[in-house]
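Chain letters run A, B, ... following the sequence lines, proteins first, then strands; residues in each count from 1.
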Amino acid sequence: MQFLAYILSRLVQMVPVLFLVVLIAFLAMELVPGDPIMLMLGGRANETMLAALHAEFGLDRPAVTRFFSFIVNALQGDLGTSIIQRQPVSVIVGERIEKTVFVIVYGAVLAVLVALPLAVIAAMKHDRPVDHAIRIGGMVGMSMPPFWLALLLILLFGLGLGWFPIGGYGEGFFGHLWHLFLPGLTIALFLSPILVASLRAAMLDVMGEDYIEVARSKGLSPRRIMFKHVLRNALIPAITVLSINIGWLLSGAVIVEYVFSIPGMGSLLVRSVGSRDYPVIQGLTVVFALFVMLTNLAADLSYMLVDRRVLRK
Amino acid sequence: MNSNNNPLLEVRGLVTEFSLEHGVIAANADVHIRVRAGETLGIVGESGSGKSVLCRAILRLIPSPPGLISAGEVLFDGTDLLALSEAEMRRVRGTRIKMVFQNPMTSLNPVRRIGDQITEGLSVHYGMGKAEARAEGVELLRRVGIPSPETRVREYPHQWSGGMLQRAVIAMAMAGEPQLLLADEPTTALDVTIQDQILALLLELQERTHMAMLLVSHDLAVVAETCDQVAVMYAGRIMESASTKALFEAPMHPYTVGLMNSIPDMAGTAARLVPIPGQPPDLLHLAPGCPFAPRCVHASPDCAETPIALSEIAPGHHTACLHPERISAGAS
Amino acid sequence: MKRTEVKKRHGLTAAIATVVGGAMLAAGLFGGSAALDSAAAAEVKKGGTLTFARPEEPLSMTGFTISDNGSIWAIEQVCDSLIEPDDSGYGLRPALAESWDISDDGLIYTIHLRDAKFSNGDSVTMADVQFSLDKATDPEGYLGFVFPAMTREVVDGKTLKITLEQPFTPLLSTLSLFAANIVHKAIFEASPEDFGVHPVCAGAFKVESFERGSKLVLVPNEHYWDAQPHLDKVEMLYVPESNARILGLKSGDYDVINVVPLNQAKSIEADSGLTLEVAPAFRLDYVYLNHARAPLDNKDIRMAMNYAANREAILKVVFFGYGEVPNSFMPVINYHCDAIEKIAYDPEKAKALVAGAGYDGTVIEVIAASGDSVARQAAQILQQGWQAAGLNVEIIEYDVGTAFGLLEEGKFFSMVSYITSDTNDQDFLASIQADNTVFGGFFSSYNNKQVTDWLTEARSASDPAVRQDLYCKTQQQVYWDAYSVPLNFKPFVNAYRNDVIGFHNSVTGPWWLKDVWLDR
Amino acid sequence: MPAQAILVAAPGAVLREIGRWSITLKIGSLMLLVIVLAGIFAPVVAPFDPYFQDYDRVLLPPNGTHLFGTDQLGRDLFSRVIYGIRIDLVVGFIITFVPMIYGVAIGALAGYYGGVLDGVLMRLLDTAIAFPFLVLIIVVIAILGPGVHSIYIAVFLVAWTMYARLARAEMLVERSKDYMLAAKTLGYPTSRIIFRHALPNIIGSSVVFSMADFVLNILLLSGLSFLGLGIQPPEPEWGAMVAEGRDFIFENWWICTLPGLAIVVAGTSLSLIGDGLARRLGQRHQAIL
């Protein structure tokens, strides 16, 4: 019950934020030059047609009215209709959520697979050459622009070795894994230095805790101590880092989708902004924001799974 | 196995060094102690005197780097622990020598169940199954006086009070019935009312299992009440060691005297407390001789210059003072 | 991606164009695919899947609401109109209309409908034709203004009579546009949105599946009125990244790719397993100039920009030699005049013109759509030349939406872009760009009474020689007025594996995939 | 101390301070120093005019004359990379440290006062994190036109939030400490308490974070330019150079690879400094947020 109440209160807190996000997106698009109907018609429309189409998409109403009707409709699951594609925004965006989420989750999982062993080694060999190498390697890794990394991976794996496709989404789960390997790896290589740094730091902190010495005094092996005692306690900061970086990850996904031709939300966003497809941009903004907020919520909830103390606070 | 005359634990000439940014310090310098089975050795000294380091050195828990045990022997039941492999040493830690730490609030992993932590050593070193370990955990908790242990084994550390946690830590140490218990200031972090309970518990357990105990404390009163033998540490060295009775009746080192004078109940009369003059020692810049010399009222010029070894001045009574005779004079 | 957006707008503009009559039309009607098909038929192998990677993304399969080439060229495979462009794109041929009669006064068109079926097996009825043309010509609708005022009357189940208020020779070509495709009325009406994903038309192919943003799968329409396509399946993939297309082609993942990055065209030519197709296109890459904005209102400045434009360098460095330095303000369509002298690269003359023009140092902004590397490179070469001539020039990248927003509002100096035509009509594209009364000079504000008169006259003239003369005069005048800074007559550059037979690009853009077969 | 003595003592103090630096801090500082000097003396260091296009020397691979080769317009890439320092480092510096100043101030105030101000700030912070940055930057560019001023404004709107978050969290801890109470009981004005007493204690985490932020901001700047939304051509911005080389990656690898390497080197030097600073400031295990 306590748990449910917590989730509920968090969800309630999300409402004003979501409202603000949508409001800002709305105002922003109002300020931008370019009329979607004109763009759609190639600037060749007569006044009657313009008026008719504006009416059809409700663009003749004041922004405030449109904003609130958007809110009202959105609450009923209706995000409007794309001006360019003439399809419900919920459908257009919905089709792409899976792809973006797949890329990001894939990247995050790869990042954990890369980062976890490195962080464990670095922490266990603290201040030894291996540790320094991992730390400095991480700094170099963190300085690599994702788009550049992506190009290097294309050059190496796509052209040089020919192991992986350099674009597209693929078919079926394993097709996705196969096609999205390089995008996923790009995200992973971008993310893992941050993860290694935070995990390593957290583990070093934990390793200085009394209970770790107690564990050693019990005659436990370093490996057991690492996995049974250190890692779990070090997870919270790492989860925090992951969730804080989710916004960055989404921005990164835009570039990664762009470079690897993945039909996800990022590429849709770039295109929709280009064609001033307001309903799609608004829908995407809402979905992006929800995504970030739910990720943060999930991170908070996972703290509870890791550490019961959080519940009490 | 052990006759009473053969010590269960004998530390000889132990030197533990730490490399710091500006130099190397010896946290333990030429430490000698002995503990027999069933006996309690108290180690007293101010904070920073190397008591805790000694406990960790015995268990080889000194983090390396920066720490290093550079000389000496730790003979446990005739075996030099320093010569064991890491795996063998882990076995010793898990089965024969246990340690109780100062702060119970931080001695337990916050994200794991108390019961699991208590019996973890058992499952690792005795291959105990889950159910068996759980039962043993309940039993251990019962023995250290935790009410309704059946339900409490499942709880997490944040749900327990400090006193209860220290009982849990002791239960953890008692798992597998060790021969030697290193208790590193087990009561310091607790309320005064709880302290006595915990000490009583330790003594009761010791009596029941006939284990040897090393009780580290900065509190002379605690040591006086509980220990058979006492060793006084200063700047990483043993200054004086003797039976509790002998030490308190006739201290043979100026530092011991100073210590006693600075503690309320110890001076007996409690008329006035005399703090030890001067600064605590700077381990980085020690003179070759007696480290206490700069603060010592009885010191002679050569005190600071020649290294002074422990010498037996009465049966079982050792002191590292050049001028023990001046103390008796000063005391009377 | 961005490119699609740019293209889209001009695709639309071009789609409005009409087709010339006379000899051209006849050639279109009687030449073309029938002969080609029978010639190849002897050795044609049936079956197989053609994988075709395109940088343009189909957005919707409804011709009434979209205007981007990504969609249009896909729709052309699926939907037929009454009349369609021929193989080359230069002429016309019958499609769902079996034949037609035109009255002597040019006002009444009698269209005879063919026995044809939609991809779901339903017959194409006059009701469907009426419905589709109603949608297409609806003046409130999206492309309605393309069509002249007319009344349509169903004579019988197979005959449609179209009556015009005034003669309008280009009607047949207008009817061939994608927007005039015949759709299944009942299915469209049931859900226009659903129709955009699962269209039911009477073209050679039908949509098997449409995954927006990644791929469109076409299979033969077994009810197609003409010969069945040779292929079993076409997978049209959206692959915006050019390197990915090249790599996929070389590795065999793709059979055909279009919009080959020109710097890699040579490596494809060198690959013995691949064929590079360089096909003429109704396309001109050029710099839009806003004559309404000082200092571009000064012809000397515009001429200086032309003299200082190192087109040879652009052709070499940006286009890798593919194309031709233009001698016109519009693409090479019919009635193009080869004889017009090109404005030479003459930095000294440019400098002198700027010096004499009283230029006040106003910064001239050159817009390039962000992400459009061709535009960006060309802009930088131009900038170097223009600055050497004494002009202050800044390059600005805007996303496509903003760029065209500025264009529409007239808030721009210049923009590197291009124009294409979906039909072979000289008149309308010329009019859009140069006749201020038609479209304000296509964002340029170009206004020349003489040119307007010539174009008006050419529109109504029936003698090809007369029109040729008028269009040559127009070309000479507008081009030498420094209407714009033309950069390149850029061709379509595609590449395919050698075992792909019969693939070719029509000048207007699409490909007749029903004629393609795989030699494997 | 008399002024002369300070003058005499200063170099020694500096040397002593440098002597206390960790090896990473030393290496990072040295790298950054070299980069900054190369940027300052770009006209001397760069062998060619970074803007000059020579159409007879396009797409030349790295060689003795052109260390990094030439690009598709025949410009010397090495010279462009050197001149790029002036853009990436300067812009990166500004978009890192300007938001840091008011971000820390806002966070400190909110943390100190709490209440409504704090509540509003927290909602703003949540919004800033949840809002897709790309939409914002495109909007700002569309309104103000592309170029560095648009990047400044877009980043200034968002980037302060992380500093505010850090400063607020630190202030919440600091607020109840004894020295703060002492300052309050002494009747100091609040601004003095916040900025003179608390600030030095709460700024450490922001300083350490700023180095990582600096790196991320260089990546952001180059990423925007890569998308064609940042620094305008023909300016030799590193990300834009990578973007220009992208189409040529298969046959002319150096165009996008080498400018990217410049980003990595600059970023690494800053990361090394950040790591060293964290140690120097005693935050040995400071996590990078």
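For C:D255, the salt bridge (Lys or Arg N to Asp or Glu O under 4.0 Å) partners at least two apart in sequence or on another chain are C:R520.
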Enumerate donor-acceptor pairs with a distance under 3.5 Å from any side-chain N or O in residues 250-264 of chain D to protein atoms, sequence neighbours excluded.
from	atom 1	to	atom 2	distance (Å)
D:E251	OE2	C:S267	OG	3.4
D:W254	NE1	D:L60	O	3.1
D:W254	NE1	D:T70	O	3.0
D:T257	OG1	D:W253	O	2.4

Listed pairs under 3.5 Å, donor-acceptor, residues 131-159 of chain D side chains, sequence neighbours left out:
from	atom 1	to	atom 2	distance (Å)
D:H149	NE2	D:L144	O	3.3
D:S150	OG	D:G145	O	2.3

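The environment of NZ in C:K411 is sparse: at most 12 heavy-atom neighbours from other residues, nucleotides or ligands sit within 6.0 Å.
To the nearest 0.5 Å, atoms CD1 (C:I314) and OH (D:Y55) are separated by 7.5 Å. Taken to the nearest 0.5 Å, the CZ atom of C:R376 stands 10.0 Å off from the CG atom of D:L73. One finds the CG atom of D:L229 at 9.0 Å from the OG1 atom of C:T402 (value rounded to the nearest 0.5 Å).
Most heavy-atom pairs under 4.5 Å with chain D: of the set C:I396, C:V317, C:I381, this distinction falls to C:I381.
Close approach to chain C, defined as a heavy atom under 4.5 Å from one of its heavy atoms, is seen in D:R75 of residues 74-101 of chain D, taken by number.
For D:F52, the parts lying near chain C are the backbone and the side chain together; criterion is any non-hydrogen pair under 4.5 Å. In this structure, the portions of C:Q377 lying under 4.5 Å from any heavy atom of chain D include both its backbone and its side chain. For C:Q264, the parts lying near chain D are the backbone and the side chain together; criterion is any non-hydrogen pair under 4.5 Å.
Contact annotation: the side chain of C:S370 never approaches that of D:L227 to less than 4.5 Å [non-hydrogen atoms, C-beta and beyond]. D:D247 is not listed as a side-chain neighbour of C:P261, based on a closest heavy-atom distance of 4.5 Å or more. Between C:K316 and D:D56 the shortest side-chain heavy-atom distance falls below 4.5 Å.
Side chain of C:N243 to backbone of D:R246: a donor-acceptor contact under 3.5 angstrom is found. A donor-acceptor pair under 3.5 Å is absent between the side-chain atoms of D:Q53 and the main chain of C:Q384, judged by distance alone.
Residues C:E365 and D:Q232 have side chains that never bring a donor and an acceptor to within less than 3.5 angstrom of each other.
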